[in-house]
Amino acid sequence: ATDYGHATKWAAKSLLARVFLFYTGYHGKSDLVGIVSKAKALEYVEDVVANSGYALVAKFSDLWPAAATHAAAKAGKPISQATYAGENNEEVIFSIKYSYLSNYDENTDGNHWLIMNGLRGMSWAASGYGNGWGACPVPAEVYSGWNKNDERRDASIMAITEEKINYTKINDCKEYTGYMTKKYTPQCDSAGNSTTVALGAVNFMIGQYQDYFVIRFADVLLMAAELGSAKALEYVNRVRQRAGLSDVASVDKDIIYAERKYEFAFEGIRYFDLLRYDSSLQYAANAISYSGKVKTGGSEVDKVIDGNNVIATRGLCQVPYNQITATGGVVSQNAGW
């Protein structure tokens, strides 16, 4: 209990399964570089399920501070009565630890995801949402296409109109859609004051302290199902039941991918799920392609993303040219660049 933040064997087995699924899917291989078989990867995650002691937190919204405060406000309770499960809850198998102790003298302990995601230019005290820079807007179609009975929707997305947020800074935003991410967003108290500053942070921009969840027990359940567990249907339905959804009668790859899409939205996992769906990357290209309307500076503009660029580059970034020359060409440029 005093060693939070340290890796455990359960974290290692869980992460190895994630590596196995990415490597074999992305490269079209049957095993992980000839060392780990599919059966062995499944054995690892089944061990985590059966023996680690981890479990699903009862309410999905309790996994995230902002989701928990919104749930309290929606129920007519003060946000101080939110039932947030905390950073070291029974579902978190491995996380990156952050604190409010960051300063401008080389101590960088803050989680900068949060300041990127927060409401640009203002806070919303009624639900405990702190202010930030307004990056990472959510396409409206993601919200409208999400089953309204799925409790993960309102726990994952901050919906400006639907939550009756009197947001007055639209003209300061780039690519504003009316929807923001909620899982990693700054917090404020009922008076609109930054909770991290109240704890003693230098300022709200560098002192966000919410941990980043690298892997949760829900991920282990869905990976075990994907790897072919005899309990695959049970595992998928456990995740769905927690979300307030009815059971499915059968399980296949697409059903599991749909659950992963909604379970891990905005947690930095989906892009890699898309890349590993098939080695041709056509599934990823189709999913990433987008054409819609956004507001920048208050004016409506077109937003187009060509998903086929993912196929051309294999979904990888460009290798810096100085790294290629520094190795005398031993390191080569990635495809498509």
Side-chain angles (χ1 to χ4, degrees), residues 15-34 36 38 41 112-113 116-117 133-146 173-177 179 181 184 212 214-215 219 222-223 226-227 252-296 300-337:
L15 287 167
L16 186 58
R18 181 181 287 175
V19 172
F20 175 91
L21 286 168
F22 180 82
Y23 181 87
T24 55
Y26 181 80
H27 293 290
K29 304 292 185 180
S30 61
D31 59 30
L32 181 56
V33 292
V36 179
K38 183 177 181 180
H112 300 305
W113 260 34
M116 289 288 183
N117 291 340
W133 294 342
C136 305
V138 177
E141 296 84 352
V142 175
Y143 184 86
S144 62
W146 199 321
C173 295
K174 182 177 176 65
E175 299 185 352
Y176 177 80
T177 64
Y179 300 93
T181 62
Y184 291 99
Y212 169 67
V214 175
I215 194 160
D219 200 352
L222 293 179
M223 286 194 296
E226 188 175 346
L227 287 164
D252 60 22
K253 183 176 181 178
D254 288 330
I255 288 175
I256 293 170
Y257 262 68
E259 286 309 311
R260 294 186 65 84
K261 173 183 178 179
Y262 296 119
E263 180 70 23
F264 308 117
F266 322 121
E267 294 182 49
I269 296 174
R270 178 153 171 78
Y271 180 71
F272 301 99
D273 278 354
L274 294 177
L275 292 185
R276 70 179 179 81
Y277 182 90
D278 65 82
S279 57
S280 74
L281 299 187
Q282 190 60 59
Y283 182 89
N286 293 343
I288 291 171
S289 294
Y290 179 78
S291 178
K293 299 287 187 179
V294 295
K295 286 185 176 180
T296 291
E300 192 172 79
V301 296
D302 293 320
K303 176 67 177 181
V304 178
I305 299 174
D306 183 0
N308 289 315
N309 288 331
V310 173
I311 297 177
T313 63
R314 298 290 301 165
L316 302 179
C317 293
Q318 185 177 19
V319 176
Y321 186 68
N322 62 358
Q323 297 302 305
I324 295 174
T325 56
T327 64
V330 173
V331 172
S332 59
Q333 187 56 265
N334 285 329
W337 297 100

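Side chains included, hydrogens not; waters and symmetry mates left out as well; all remaining heavy atoms used.
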Legend entry - Nearest atoms (heavy-atom pairs only) where Leu16 meets Leu32: CD1-CD2, 3.8 Å
Inset, instruction - Answer yes if the ring centres of Tyr184 and Tyr212 are under 6.0 angstrom apart, and no otherwise. - result: yes
Legend entry - Distance (rounded to the nearest 0.5 Å) between Lys303 NZ and Tyr290 OH: 9.5 Å
Legend entry - Heavy-atom closest pair, residues Thr24 and Ser30: CG2-C, 4.1 Å
Legend entry - Shortest non-hydrogen separation from Ala17 to Leu227 and the atoms involved: CB-CD1, 4.4 Å
Legend entry - CH2 on Trp133 to NE2 on His112, rounded to 0.5 Å: 8.0 Å
Inset, instruction - Return yes when atom NZ of Lys253 has more than 12 non-hydrogen atoms of other residues, nucleotides or ligands closer than 6.0 Å, and no otherwise. - result: yes
Inset, instruction - Indicate yes or no: does Asp31 engage Lys38 in a salt bridge with an N to O separation below 4.0 Å. - result: no
Inset, instruction - Kindly give the heavy-atom pair with the smallest separation between Ala285 and Asn308, and that separation in Å. - result: CB-OD1, 4.0 Å
Inset, instruction - Provide the closest heavy-atom pair for Glu175 versus Pro137 in the form atom of the first, atom of the second, distance. - result: O-CG, 3.0 Å
Inset, instruction - Look at the rings of Tyr283 and Tyr257 and say which category their plane angle falls in: under 30° parallel, 30 to 60° tilted, over 60° perpendicular. - result: perpendicular
Inset, instruction - Find out whether Ile288 and Tyr271 are in side-chain contact, i.e. whether some heavy atom of one side chain is under 4.5 Å from a heavy atom of the other. - result: yes
Legend entry - Straight-line distance of Asp302 CG to Ser291 OG, nearest 0.5 Å: 6.5 Å
Legend entry - Nearest-0.5 Å distance, CZ of residue Phe264 to CD1 of residue Ile215: 8.0 Å
Inset, instruction - Check the angle between the aromatic planes of Tyr26 and Phe22 and answer parallel, tilted or perpendicular using the 30° and 60° thresholds. - result: parallel
Legend entry - Candidate list Leu274, Asp219, Val214, test side-chain contact (heavy atoms from CB on, under 4.5 Å), partner Ile269, passing option: Asp219
Legend entry - Closest heavy-atom pair and its distance - Phe20, Ala41: CG-CB, 3.9 Å
Legend entry - Nearest-0.5 Å distance, CD of residue Glu226 to CD of residue Glu259: 12.5 Å
Inset, instruction - Report yes if the side chains of Phe266 and Val138 come closer than 4.5 Å at any heavy-atom pair, otherwise no. - result: yes
Inset, instruction - Side-chain contact test, heavy atoms from C-beta onward, threshold under 4.5 Å: evaluate it for Leu21 versus Arg276 and give yes or no. - result: yes
Inset, instruction - Answer whether the closest heavy-atom distance between the side chains of Tyr143 and Thr177 falls below 4.5 Å. - result: no
Legend entry - Distance (rounded to the nearest 0.5 Å) between Arg270 CZ and Arg260 CZ: 10.0 Å
